[in-house]
Structures are given as structure tokens and as C-alpha cells.
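Indexing begins at 1, ligand by ligand and atom by atom, following the structure's order. This one's a predicted model, so the numbers in the text were calculated from it and none came from an experiment.
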Amino acid sequence: MEVIKSIYEMQAFSRGMRSAGETTGFVPTMGYLHEGHMSLAREAKADNAKSVLSIFVNPAQFGPSEDFAAYPRDMAGDLEKCERAFVDVVFVPDAREMYPDGFSTHVDVAGVTDVMEGIRRPGHFRGVATVVLKLFNIVMPNRAYFGQKDYQQTVVIRRMARDLNLDAEVVVMPTVREPDGLAMSSRNAYLSPPERAAAPVICGALLEAKRLYDSGERDAGVLARRAREVMGKEPMVELEYAEVSDAETLAPLREVTAGAVLAVAARIGKTRLIDNILL
Ligand code: PAF
């Protein structure tokens, strides 16, 4: 496994892969890797000649009052996990090289960022889209792998890839969950033991709404209300939203016809968690 820190070296590797006609599978991450990330890394390795995983806590996607400084980091542990998953290259760029003085170009994906996380975290998706485009230009992947847990992020990146004709297939993999259903997330590390014990109610609420959907309910309001009711029974959980949207455009739905997602965001203590389920 190679660890590359400079953009120049990473691009030299990527150019070599492209000119040799070999495919690269890419997993962009902010580190503090868990099984969700590793499932993406394994898929990238299985589908492509080489796999590249980046670790970069991207300052541009955190708001001023968000957890950039506190975001969990464990470079030694991450490199060990990558080694075990047979990742070929770990790319660890430096923030000053990624955002040099005078950096002034951003990617705004309109429409699909005007709902849910886009409203609650102004500037977040601008930061995500900008860094992902930069990483795509550096790593030049044939395929890039993202987890369904960040559903709106996958929609934003797919839309950007389509609109800007990026030469990379965006692959979305299922959310990996703890045995009690909690979606794996680096931010789960913030939860105290009682908060951690309360957190699976988020997944429970999604499953309950899905059960209602499977039994024939198609009213989006009723499905979202059911999820809210389930979460409302856990006093430690403060719900931010539970919304049923079109799976592709993220437009809010009144009735579920085809391709919908129920997405939720909730705070447990100081930790903000998101999750979703496809209907
Ligand atoms: O999902 C994440 O970890 C980040 O948003 C990403 C895609 C690595 C961009 O910084």
C-alpha cells in the first residue's frame, strides 16, 4: 500500500493508470474509518485494477458553528484498516495544498441542495461538491463509491457528475449498520453510552414507516408522521426533520408513487445524526 500526500504525485499515478488503460476505484472519505467505509473500499478493489481511498477532513463543508475541529481523527488506525482491506493507495492531501491562498472557485449544485441538509447546513454541499470535483480531478477515477447513509450527498454528486460530464461512474452502496440498526458514522464516536443506547430508535422509526409503506400506505405525510411518532417516544432524541422525497430530485412528495426516500435528521445530545430508507 502506498501513501501519497502530494497532489502532483497523486495525479502522476492517476495519469499512469488512465494511459495504461487500467481502472481506478475511488473512495473519498474524511477518515476515522468504519465498516461502512471499508465496504466501499472492498467494492472499489473488487471492481477495478487499483483502489484509491482519500482521507481529508474538508474544512469547506463545515459551517462556522460545526464540528470541524472536533471531528474524530485516527490516521494510524485508518492506515491499518486500509492495509487490511488491500487498498492500493491512500491519498492524504494537505489542506494548504487543496485550498491555496486566493482559492476562489466553487461548485454549486442547485435544486437538490435546497431541501433537508441543504437548508440546515448552508454551504455544506457547496463544500462537498467542490472538494469531490477537486478529488476527481486529482484521482481521475473510473468509478467512485459513496454510502447511501448520506443520501442527499449521493444525489448531489450524481447530479454534478452528470451536469459536468465527469468521466467517473458514481456507485452508491447500501448503508452499513451496527447489529442494533444504528447506521455506521464517524460521528457515532461522540455519543455517550446512554445516547448510544437511544440512537437505534432512528433506524427503528425508518423501519416502522417502511412497514407501513409495505402494508399499502402511500400518503407521504402519514409515513413521515409515523417515523416522527416513533422517534418522539425517545426523550433523548430531538428530531430535526423526517421527510419523504422523490428519490432522484429530492422534491417533497405528498404521495409515494415510485422511487421515494424517507430521510431523517436528529440530534442526540450534541451529536447530529442522519439516516434514510428507500421506499
Ligand atoms: O462523505 C464524506 O465523508 C464527505 O462528505 C466526502 C464525500 C469525503 C467529501 O469530503
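At a heavy-atom cutoff of 4.0 Å, ligand 1 is contacted by the backbone of Thr29 but not by its side chain.
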So Glu229 and Lys233, salt bridge (Lys or Arg N to Asp or Glu O under 4.0 Å) or not? Walk me through it.
CA-CA 7 Å; Glu229 275 164 15; Lys233 289 192 186 129; over 6 Å; no

side-chain contact (heavy atoms from CB on, under 4.5 Å) between Leu278 and Lys210, intermediate numbers included:
CA-CA 8 Å; Leu278 288 167; Lys210 175 76 162 61; over 6 Å; no

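Of the protein's heavy atoms, Gln61 OE1, 3.3 Å lies nearest to atom 9 (C) of ligand 1. Ranking the protein heavy atoms by distance from atom 1 (O) of ligand 1 puts Gln153 NE2, 2.8 Å first. The protein non-hydrogen atom at the shortest distance from atom 3 (O) of ligand 1 is Met30 CG, 3.6 Å.
Numbered from 1 in the order shown, with element, the atoms of ligand 1 that lie under 4.0 Å from a heavy atom of Val131 read 9 (C), 10 (O).
Residues Leu262 and Ala242 share a closest heavy-atom pair of CD1-C, 4.3 Å.
The environment of Phe103 atom CZ is dense: over 12 non-hydrogen atoms of other residues, nucleotides or ligands sit within 6.0 angstrom.
Residues forming a side-chain contact (heavy atoms from CB on, under 4.5 Å) with Pro174 (at least two apart in sequence, or on another chain): none.
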